[in-house]
K.L.:
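Provided herewith is a single structure, encoded as structure tokens, for subsequent inquiry.
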Amino acid sequence: MRKSFFADNPSVLWFLACLGLFTLGVTVLAEATGAGLISTSFVKTLGKVLCLCLVAVAMDVVWGYCGILSLGHFAFFGIGGYAVGMWLMYARTEAIVIQSLAERTIPPTATELNDAIATQIFGVVGASEFPLIWAFSHSLILQLMMVVLVPGLLALIFGWLAFRSRVTGVYLSILTQAMTLALALYLFQNDSGLRGNNGLSGLQNIPGFEAVPQSVISMGFFWASALALGLGYVLFARVLTGKMGSVIRAIRDDEARVRFLGYHVESYKLFVFTLTAIVAGIAGALYYPQAGIINPAEIAPIASIYLAVWVAIGGRGRLYGAVIGTAFVSLLSSWFTGGGAPNINLGFYTIQWTEWWLVLLGTSFVAVTLFFPGGIGMIFDKLKKGTS
Amino acid sequence: MSTLLELSGVSVSFDGFKAINNLAFQIGEPEMRAIIGPNGAGKTTFMDIITGKTKPDEGRVLWGEKSINLIGKSESQIAREGIGRKFQKPTVFEDQTVRENLAMALKNPRGPFEVLFYRKSADGALRIEALAAEINLTEQLLRKAGELSHGQKQWLEIGMLLAQDPRLLLVDEPAAGMTPAEREKTTEILVEAAKTRAVVVVEHDMEFVRRLNCKVTVLHEGSVLAEGSIDHVTQNPEVIDVYLGR
Amino acid sequence: MIRILTMALALLCLPLTVQAQELQSLLQSHQKTIAKPSRKSVGPVLEALVTSGLPTVPVFLEYWQNKDVYSREDDGLFFYGKAAGDTLELIDVDTGETVATVDKKAAKQIKPNGGVRKEIGSALVQFQLSDPDIARRTDAVNAIARDMSGQMLTPLLGSIDNENDPTLLARKKQLANYLSAKFSDDPAHRVAAIQDIAGDLSVEGRAILSQILETELVVTKGASDRNLLETLEIGEDISAPEAYALIVEQHKLSPMVSENEIRLALEANVEGGKVGGIPVQQLNDLSKRENAYDVLASAGAVAPRVTEAMLTDALETYQIHRAFVEDDPVVTLAALEAQASVQTRVGVNQFFDLSLDAISLASIYFLAAVGLAITFGVMGVINMAHGEFIMMGAYTGYVVQQFVPNYTASLIVALPLAFIVTFAAGVAMERLVIRWLYNRPLETLLATFGISIALQQLAKNIFGTQARPLTSPGWLDGAWIINDVVQISYIRIAIFVLALMFLGLLLFILKRTRLGLEVRAVTQNPRMAASMGINPDKIKMMTFGLGSGIAGIAGVAIGLFAKVTSEMGSDYIVQSFMTVVVGGVGNVWGTLAGAAMIGTFQKGVEWLNPSNTLAAQTYMILFIILFIQFRPKGIIALKGRAAGD
């Protein structure tokens with residue numbers, strides 16, 4: 001089975017090979033493990049891009065293959081980030097508080113310790129007690145389960161409601177956007193229990209690894225992200241192969257017909273929606289420790305739309321397209337907005353890319369939709385046709 | 001020949017317009033039945049009701065030996081009960097190969113996890129080959145369905161229907177847009193199918209209906225106007241009125 | 001009648017003629033206090049002055065308050081002074097005639113401090129209440145309304161009979177009513193006044209009632225002789241520690257020792273790594289800490305802890321009551337009844353006010369969404385850049401105001417101009433992008449999103465990131481105040497009117513014009529419409545322009561009460577989509593219903609939880625998601641074949 005799967009899908013092997021080479025290359029050139037040509041911050045950027053690629057692959061499955069333009073997958077990504085961030089923040093604050101209380105003549109009681117941690121974390125929103133949703137924050141294992149469970153359950157409930165009532169097309173997109181907005185607005189509240197618009201911060205410091213330099217930690221996360229992307233890619237390629245893939249693509253093309261073939265379309269959609277939401281959550285859980293901070297603005301509907309943009313530019317309906325589009329646009333974006341791109345002097349006006357990048361992105365995105373619906377992935381299709 | 005499907009007292013209206021009006025209909029197994037009627041007679045709505053796409057305002061739709069009520073069941077449930085439907089416009093999955101199209105329709109468990117862990121079997125492959133031969137598409141198995149001719153698409157859809165191994169086939173205008181040779185082949189396929197199961201063909205083309213050589217039901221304004229052999233109904237003065245519009 | 005008149009005349013003449021020096025002598029009897037007044041000592045003097053009934057008293061008080069009274073160094077007599085250069089003109093306090101002009105140093109200016117001047121002022125109020133000048137009377141009434149002090153009741157009542165201005169008379173009566181409700185000596189008067197307030201909605205009236213009903217917590221051993229509202233149940237109305245703290249406060253028991261105090265006491269008594277014989281390391285447990293503390297307490301080093309038994313005992317011995325500060329139960333009962341009736345009426349009015357708010361919010365949503373509903377309904381196109389058209393309209397208004405300084409004129413220019421600008425933008429977008437993407441709705445959504453981010457950034461590049469004002473004309477400032485509870489700002493009324501106008505205009509265009517007929521034809525069956533000679537391309541272009549144009553006008557309207565920023569569009573886009581989806585696509589009435597529903601719901605949630613508009617929006621969206629479950633096609637859905645499912 002395994003063997004025949006890879007034999008049937010040579011592109012998966014190609015992808016894994018490229019990913020492996022890329023990881024190896026970065027490792028050899030990185031500060032902590034090799035020549036030092038790639039700075040720690042750039043390793044972090046690359047690691048983050050890999051996580052974004054993973055969520056983009058999930059987005060491609062749900063949109064490009066199943067036809068559901070979800071504008072909520074970045075919300076699942078964010079939830080994953082929050083889930084792991086809660087543990088990171090708790091564990092780190094606990095360490096700091098224990099250290100500061102150690103100077104007292106009398107050792108603190110458990111209640112005192114807990115209160116001190118709570119005050120430390122929630123002081124910014126004027127609270128000094130742990131909200132209920134932090135009940136498991138002391139345990140890494142439980143919070144890691146949350147990374148999977150919360151996005152999964154949310155997607156399951158939301159998807160069940162939406163698909164059951166046969167909401168499709170743009171309506172469904174708007175509904176997912178509404179869900180995302182509701183979540184973001186909820187998190188913006190100070191009494192949401194997740195520090196309102198302050199979000200969770202200091203996530204780059206991994207408790208228990210205080211002595212390890214950031215350059216090494218970032219390498220660890222980079223490898224983990226690459227591994228997650230590889231596994232996620234294989235998982236989705238497996239789901240999309242054979243009869244399952246056939247049914248999923250059929251649902252995209254003519255959902256009513258699939259129903260008359262006797263397939264319960266809603267369960268398939270729910271399966272895809274939930275599975276991709278879970279993978280999005282995992283990607284988020286790997287992304288935010290590298291970003292260091294998560295706040296509700298990250299979850300705003302616009303982020304999910306950007307996700308769709310990346311997939312569209314890369315070429316939807318191709319898993320590698322999502323990866324290429326995301327890597328290309330997000331790296332380009334950080335180059336332009338980071339001031340890396342040279343300004344263009346027109347004589348009467350200087351185009352500063354930090355200001356004009358979004359205009360360029362917006363218009364080129366319109367151009368891609370109009371003229372290159374296949375996106376960058378089209379090029380590979382042409383190459384494939386050329387060789388065979 | 002036992003009764004397979006029985007509709008009685010079925011009515012449905014859209015915004016005050018009665019599309020189906022106190023309709024009664026019966027079909028046994030095996031049997032071939034043609035349904036004719038002028039535009040707006042309610043032929044498509046009739047099929048929509050049987051397949052669960054439209055919920056009737058009143059009436060009963062009973063199915064099989066146990067007389068299961070089909071009203072309230074979802075399209076997919078009804079399809080799994082053994083009712084297959086072919087649409088007027090050929091709807092095959094153009095982006096997928098003929099083999100994939102047929103494989104999807106093949107009678108197998110339909111749950112997502114069963115499908116996810118479905119393994120290709122020799123049995124299945126044989127069945128696909130046989131079906132392809134029956135619908136004249138053996139050569140085209142690996143081609144994308146979108147590349148087929150119009151007639152071939154119609155056959156593929158009938159093939160997908162047969163792959164479901166249904167007890168009742170609902171076929172909407174199968175011969176539309178076909179060449180005479182293709183029509184002949186289509187008739188052959190349908191007649192062959194009707195030997196083992198119930199087949200309902202909705203058709204405009206009298207010549208095609210005549211060739212099916214079966215009982216004919218005439219629908220008009222949402223209810224049955226006449227029933228009998230083709231010669232019987234075509235001589236019925238009411239039917240003539242309706243068709244010629246007096 | 002004649003007798004009364006002559007008596008009054010006699011009274012008026014009497015002081016002037018006979019007692020010409022009376023004020024001066026009265027003043028002299030309080031010489032020291034008047035020359036060096038302090039807030040404490042000035043009271044009796046003022047009372048003496050006021051009760052004397054001398055007509056010259058108000059004048060004196062005014063001069064005194066304005067620091068224009070001088071005391072002659074030689075004899076301590078008081079004069080009004082008029083300084084001119086180095087000299088001072090002394091004016092007699094009784095006759096008002098200039099007595100002498102002296103050197104400045106010959107008399108000492110009396111400078112009462114602020115507190116004293118305030119006292120003088122309130123003494124003056126009673127004279128001003130009957131002042132012939134209506135402005136001064138009004139000032140005096142306002143001063144009473146500010147202070148609400150009991151001593152004003154009598155003068156206020158005295159001034160009512162001679163008041164000839166009806167508005168001021170009503171106000172005086174109202175104030176007198178408030179004051180007698182609170183301060184009258186006669187309980188019957190108070191009850192009557194309180195019952196009067198029951199028919200009143202004003203904030204002042206409600207404040208008076210709650211002042212009368214002010215309570216405090218009292219702790220008694222056994223029954224209380226106070227006017228009680230209720231006796232508190234410990235554990236239910238008040239927690240045991242709080243109750244105990246209250247008992248401690250009022251009855252001098254030994255206070256509970258808090259966990260923190262225990263810790264501090266232990267820290268202060270560490271000896272050789274041990275406290276009370278327990279090693280410090282073990283003290284991370286509360287019960288161990290208590291043990292250690294008890295050891296310290298038995299040694300006398302710290303105050304002993306209040307034990308559980310002491311606590312229970314105290315709680316059983318004492319009762320905690322909520323008692324009215326007001327002692328007369330008749331009065332408080334009347335006030336309670338009045339308060340209940342006022343609250344009911346306030347509730348009704350608040351509901352009315354809330355309904356007005358909901359209507360105005362619904363108008364905004366309607367304006368923002370109706371353009372979207374048209375494009376969505378007619379073309380099945382989701383325009384993500386709709387919000388940016390709203391922004392474009394608002395910026396058009398802002399730019400117009402830079403050139404046309406008159407706000408009314410600029411508004412008259414801006415509304416049609418905004419329509420033209422966004423109409424053009426909409427048509428351009430339709431021609432350049434959207435028409436290539438018909439039948440690919442998801443891609444339209446994304447392409448228009450691309451346009452949206454480009455436009456947003458473009459606006460940022462042109463106008464900067466800070467908010468730009470779009471000032472409304474003066475006649476739109478302020479609010480229509482119906483009573484103290486119900487009020488609505490004129491801008492919101494204007495927006496409501498604008499929304500109504502657009503509703504009418506759109507219905508007219510869609511139902512009564514050729515364009516509308518063709519639009520409806522294209523909506524319902526594009527192929528049939530095309531075969532009947534309607535050019536669907538043109539219709540779609542016009543429709544898109546119309547929808548975008550309305551967004552532009554909505555932008556001007558929204559800009560008038562919200563700040564104009566490059567991001568303002570995205571604040572409305574999701575709500576607009578929701579409005580369209582909830583209302584049902586392709587139907588102006590549907591959009592109206594959707595806007596009304598969302599507006600009402602949002603205001604309703606805000607009312608339940610007023611501090612949190614974010615929560616209101618969250619719940620609103622959740623509600624919409626659930627709503628879609630039951631009516632997937634919106635409130636007003638197209639049925640049958642036209643729905644095209």
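First the proteins, then the strands, lettered A, B, ... as listed; each starts at 1.
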K.L.:
Side chain from CB out, backbone as N, CA, C, O: work out which of these in E100(B) comes under 4.5 Å of a heavy atom of chain A, or both, or neither.
P.N.:
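Its backbone and side chain both get close to chain A.
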
K.L.:
Identify the two heavy atoms, one from L175(A) and one from A162(A), that lie closest to each other, and give their separation to 0.1 Å.
P.N.:
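L175(A) and A162(A) have their closest heavy atoms at CD2-CB, 4.2 Å.
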
K.L.:
If we define contacts as heavy-atom pairs under 4.5 Å, which of R257(A), M244(A), H264(A) has the most with chain B?
P.N.:
R257(A)

K.L.:
Where does E81(B) contact chain A at under 4.5 Å (heavy atoms): side chain, backbone, both or neither?
P.N.:
neither

K.L.:
Can you spot which of I174(A), L307(A), I305(A), L172(A) makes a side-chain contact (heavy atoms from CB on, under 4.5 Å) with L71(A)?
P.N.:
I305(A)

K.L.:
Could you tell me which of V265(A), I248(A), D253(A), D254(A) has the largest number of non-hydrogen atom pairs under 4.5 Å with chain B?
P.N.:
D254(A)

K.L.:
Is R259(A) salt-bridged to E255(A), going by a charged N under 4.0 Å from an acidic O?
P.N.:
yes

K.L.:
For the aromatic rings, using the six-membered ring if either is Trp, is the centroid distance between F77(A) and F74(A) under 6.0 Å?
P.N.:
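Yes, ring centres under 6.0 Å apart.
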
K.L.:
Please find the pair of heavy atoms, one from A277(A) and one from A155(A), that lie closest to each other, and give the distance.
P.N.:
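Looking at all heavy atoms of both residues, the shortest contact is CB-CB, 3.4 Å.
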
K.L.:
Does any backbone or side-chain atom of V258(A) lie under 4.5 Å from a heavy atom of chain B? Answer side chain, backbone, both or neither.
P.N.:
both

K.L.:
Under a 4.5 Å heavy-atom cut-off, does chain A meet the side chain of Q96(B), its backbone, both or neither?
P.N.:
side chain

K.L.:
Suppose we call two aromatic rings close when their centres sit under 6.0 Å apart. Are Y65(A) and F236(A) close by that rule?
P.N.:
no

K.L.:
Is chain A contacted by the side chain of A103(B), its backbone, both, or neither, given a heavy-atom distance below 4.5 Å?
P.N.:
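Only the backbone of A103(B) comes within 4.5 Å of chain A.
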
K.L.:
Is it the backbone or the side chain of Y263(A) that comes under 4.5 Å from a heavy atom of chain B, or both, or neither?
P.N.:
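The answer is both parts of Y263(A).
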
